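Below is one structure, written out as structure tokens, with a few remarks after it.
No experiment lies behind these values; they were computed from the predicted model shown.
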Amino acid sequence: ELYIRVTAKNSDLDATSIIKQSIMAYANGEIEGESGFEVGGEVSPFELSGAINQTEPRITVTKVELSDDAGATWTTSVVTAAANEIFTTSESVISVVIV
């Protein structure tokens with residue numbers, strides 16, 4: 001399971017819900033032009049940020065961090081699934097920090 005932590009600037013929107021829903025839509029391939037999480041595929045913080053902004057351009061994302069070890073370590077780099085594995089995520093492991 002891929003843990004995701006998104007930092008965004010404060011806004012009048014319900015940014016937490018929008019961000020979580022946008023990431024889930026991206027992961028499931030529900031955003032036009034995106035295939036979602038794939039077997040042996042990469043997950044890019046930049047792509048996740050883009051998915052959020054495609055869904056709601058008024059949200060300013062300042063950082064996206066990924067963890068494939070249940071939040072023990074975080075990275076802002078691309079992570080790659082093993083050749084025969086696929087990353088999964090859920091709203092319960094997506095955290096949103098509003099600054």
Side-chain angles (χ1 to χ4, degrees):
E1 189 164 47
L2 188 64
Y3 284 58
I4 302 167
R5 182 166 57 198
V6 178
T7 304
K9 290 188 177 177
N10 195 12
S11 71
D12 293 334
L13 304 170
D14 181 8
T16 298
S17 294
I18 294 168
I19 288 169
K20 288 183 176 192
Q21 291 167 3
S22 298
I23 290 173
M24 292 306 302
Y26 176 88
N28 295 325
E30 298 168 355
I31 293 182
E32 186 175 339
E34 301 294 344
S35 56
F37 290 1
E38 298 179 321
V39 174
E42 297 180 337
V43 178
S44 162
F46 179 78
E47 292 282 331
L48 293 176
S49 177
I52 295 164
N53 286 139
Q54 185 174 347
T55 303
E56 180 48 77
R58 296 175 293 171
I59 294 176
T60 302
V61 175
T62 58
K63 186 192 297 184
V64 177
E65 299 166 281
L66 308 174
S67 174
D68 60 2
D69 59 6
T73 59
W74 294 92
T75 183
T76 55
S77 299
V78 172
V79 295
T80 304
N84 61 342
E85 295 181 343
I86 184 169
F87 284 118
T88 61
T89 196
S90 63
E91 287 193 32
S92 64
V93 298
I94 300 170
S95 59
V96 178
V97 179
I98 304 295
V99 293

Worked check of side-chain contact (heavy atoms from CB on, under 4.5 Å) between Val93 and Leu2: CA-CA 8 Å; Val93 298; Leu2 188 64; over 6 Å; no

Path from Ile86 to Ile4 over hydrophobic side-chain contacts below 4.5 Å: yes

Rounded distance [0.5 Å steps], OG1 in Thr16 versus CD in Gln21: 10.5 Å

Shortest non-hydrogen separation from Ser22 to Ile52 and the atoms involved: CB-CA, 3.9 Å

Donor-acceptor contact below 3.5 Å, side chain Asn53 vs main chain Ile59: yes

Verdict with supporting geometry, Leu66 and Leu48, side-chain contact (heavy atoms from CB on, under 4.5 Å): CA-CA 10 Å; Leu66 308 174; Leu48 293 176; 3.7 Å; yes

Least distance between heavy atoms, Glu47 atom then Tyr26 atom: CB-OH, 3.5 Å

Shortest non-hydrogen separation from Ala72 to Ser67 and the atoms involved: N-OG, 3.9 Å

Donor-acceptor contact below 3.5 Å, side chain Thr62 vs main chain Thr7: yes

Short side-chain to backbone donor-acceptor contact, Glu56 and Arg58, under 3.5 Å: yes

Hphob cluster co-occupancy, Met24 + Phe87, side-chain heavy atoms under 4.5 angstrom: yes

Straight-line distance of Asn28 CG to Glu34 CD, nearest 0.5 Å: 13.0 Å

Thr80 (side chain) donor-acceptor with Glu42 (main chain) under 3.5 angstrom: no

Same cluster (ILVMFWY, side-chain, under 4.5 Å), Ile98 and Val61: yes

From Phe46 atom CZ to Ser77 atom OG, the distance as rounded to the nearest 0.5 Å: 14.0 Å

Spacing of CD1 belonging to Ile23 relative to OG belonging to Ser90, to within rounding of 0.5 Å: 11.0 Å

Derivation of the side-chain contact (heavy atoms from CB on, under 4.5 Å) call for Glu1 and Tyr3: CA-CA 6 Å; Glu1 189 164 47; Tyr3 284 58; 4.2 Å; yes

Worked check of side-chain contact (heavy atoms from CB on, under 4.5 Å) between Phe37 and Val43: CA-CA 7 Å; Phe37 290 1; Val43 178; 3.7 Å; yes

Shortest non-hydrogen contact between Thr76 and Lys63, atoms and distance: CG2-CG, 4.0 Å

Considering all heavy atoms, the nearest Ala83-Val39 contact: O-CG1, 3.3 Å

NZ on Lys20 to OG on Ser92, rounded to 0.5 Å: 7.5 Å

Shared hydrophobic cluster for Val78 and Val64 (ILVMFWY, side-chain gaps under 4.5 Å): no

Approximate separation, where rounding is to 0.5 Å, of Ile19 CD1 and Arg5 CZ: 13.5 Å

Distance-minimising heavy-atom pair for Ala51 and Ile31: CB-CD1, 3.6 Å

